Student: 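I'd like to ask some things about the structure below.
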Amino acid sequence: MKHRTFYAVAAAAVLTCTAGCTTPYRNGQECKAKMVETYPATQPKLTYEVPRVAYQGTRVVVEGSYTKKIPPTGVTPIKTTTAQVQAAVECTFEDGKLKTFQWLTPANLAEKYPLKPGTADTE
């Protein structure tokens, strides 16, 4: 009987201690989902890296890249070259909720989705 109580208390302690560890993971996945949601379907396929999460998941940066075809210049048809274009978004969270979202690069998406602070910041 005494062992059951000990195991129940130990299991509760482990669950309590690890509950906060999932917040950065959830915030990273939410930021990545927002990146996918706002990425134009007309652009080439975007590949992602693992989200980088700051202390307690308050700031998340998701980086990725896509391949852009560069058409040949001049009159003679030459092989089309490609270049890797970097893409990145930044999200900030407050109390587990998405507070701000902005594209850092490429420039056309950074202009379309600039950082818009919440009303709490302006008061």
Side-chain angles (χ1 to χ4, degrees):
M1 285 293 196
K2 291 182 182 182
H3 293 295
R4 287 186 194 170
T5 306
F6 172 74
Y7 291 133
V9 170
V14 168
L15 288 174
T16 303
C17 291
T18 59
C21 296
T22 60
T23 301
Y25 176 78
R26 281 184 286 141
N27 290 353
Q29 294 305 313
E30 185 177 345
C31 190
K32 183 178 172 182
K34 185 76 171 174
M35 180 183 199
V36 171
E37 178 186 320
T38 58
Y39 185 73
T42 58
Q43 295 285 338
K45 183 181 177 185
L46 186 65
T47 57
Y48 314 98
E49 294 181 13
V50 176
R52 297 172 192 218
V53 183
Y55 177 69
Q56 294 183 347
T58 56
R59 181 175 179 263
V60 177
V61 174
V62 181
E63 296 177 339
S65 63
Y66 61 90
T67 304
K68 181 179 180 181
K69 292 183 180 180
I70 302 172
T73 58
V75 181
T76 58
I78 310 174
K79 181 180 167 184
T80 304
T81 57
T82 60
Q84 286 292 108
V85 179
Q86 297 299 315
V89 295
E90 176 189 35
C91 303
T92 57
F93 292 85
E94 188 174 290
D95 298 328
K97 295 182 182 179
L98 182 64
K99 183 178 177 185
T100 61
F101 171 82
Q102 71 174 342
W103 277 86
L104 302 174
T105 184
N108 62 337
L109 291 174
E111 291 173 4
K112 188 175 180 181
Y113 296 99
L115 180 64
K116 294 181 180 175
T119 57
D121 289 347
T122 57
E123 293 178 359

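Given the structure is predicted, the values throughout are model-derived calculations rather than measurements. Heavy atoms only: backbone and side chains are in, while hydrogens, waters and symmetry mates are out.
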Student: Starting at CG of Leu109, measure out to CD of Gln102 and round the result to the nearest 0.5 Å.
Tutor: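 Rounded to the nearest 0.5 Å, the CG-CD separation comes to 12.5 Å.
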Student: Sequence neighbours excluded, which residues qualify as salt bridge (Lys or Arg N to Asp or Glu O under 4.0 Å) partners of Glu30?
Tutor: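 So Glu30 forms no salt bridge (Lys or Arg N to Asp or Glu O under 4.0 Å) with any residue.
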Student: Quick one: pull up CZ in Phe93 and CG in Asn27 and give me the separation to the nearest 0.5 Å.
Tutor: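 Phe93 atom CZ to Asn27 atom CG measures 4.0 Å (nearest 0.5 Å).
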Student: To the nearest 0.5 Å, what is the distance between CD (Glu90) and OG1 (Thr100)?
Tutor: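 Going from the CD atom of Glu90 to the OG1 atom of Thr100 covers 6.0 Å.
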Student: Check side chain to side chain donor-acceptor pair (under 3.5 Å) between Glu49 and all other residues, then give those that pass, not counting sequence neighbours.
Tutor: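 Testing Glu49 for side chain to side chain donor-acceptor pair (under 3.5 Å), a comparison that skips the adjacent residues, returns Arg52.
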Student: Are the side chains of Arg59 and Val61 in touch, meaning some heavy atoms are under 4.5 Å apart?
Tutor: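 Side chain of Arg59 against side chain of Val61, heavy atoms only: contact under 4.5 Å found.
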Student: Do Lys34 and Phe101 touch side chain to side chain, with heavy atoms closer than 4.5 Å?
Tutor: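 Contact flag for Lys34/Phe101 side chains = yes.
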Student: Check Val60 against Gly28 and note the closest heavy-atom contact, atom names and distance.
Tutor: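 Of all heavy-atom pairs spanning Val60 and Gly28, the closest is CG1-CA, 3.8 Å.
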Student: Quick one: disulfide bond (SG atoms under 2.5 Å apart) pairs with a partner in residues 34-63, sequence neighbours left out?
Tutor: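 Residue pairs passing disulfide bond (SG atoms under 2.5 Å apart), neighbours aside: none found.
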Student: What about Leu104 and Val85, same hydrophobic cluster or not, with Ile/Leu/Val/Met/Phe/Trp/Tyr joined at side-chain heavy-atom distances under 4.5 Å?
Tutor: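 No, Leu104 does not connect to Val85 through the hydrophobic network.
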Student: Enumerate the residue pairs fulfilling side-chain hydrogen bond (donor to acceptor under 3.5 Å, both in side chains) with a member in residues 35-45, sequence neighbours excluded, ordered by first and then second residue.
Tutor: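 Checked against side-chain hydrogen bond (donor to acceptor under 3.5 Å, both in side chains) - neighbours excluded - the pairs reaching residues 35-45 are Thr38-Trp103.
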Student: Would you please name every residue forming a side-chain contact (heavy atoms from CB on, under 4.5 Å) with Gln84, sequence neighbours left out?
Tutor: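 Listed in chain order: Ser65, Thr67.
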Student: Does Met35 reach the side chain of Leu46, with side-chain heavy atoms less than 4.5 Å apart?
Tutor: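 A side-chain contact exists here, since the closest heavy-atom pair is under 4.5 Å.
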Student: Can you name the side-chain contact (heavy atoms from CB on, under 4.5 Å) partners of Lys97, sequence neighbours left out?
Tutor: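 side-chain contact (heavy atoms from CB on, under 4.5 Å) check on Lys97 returns nothing, list empty.
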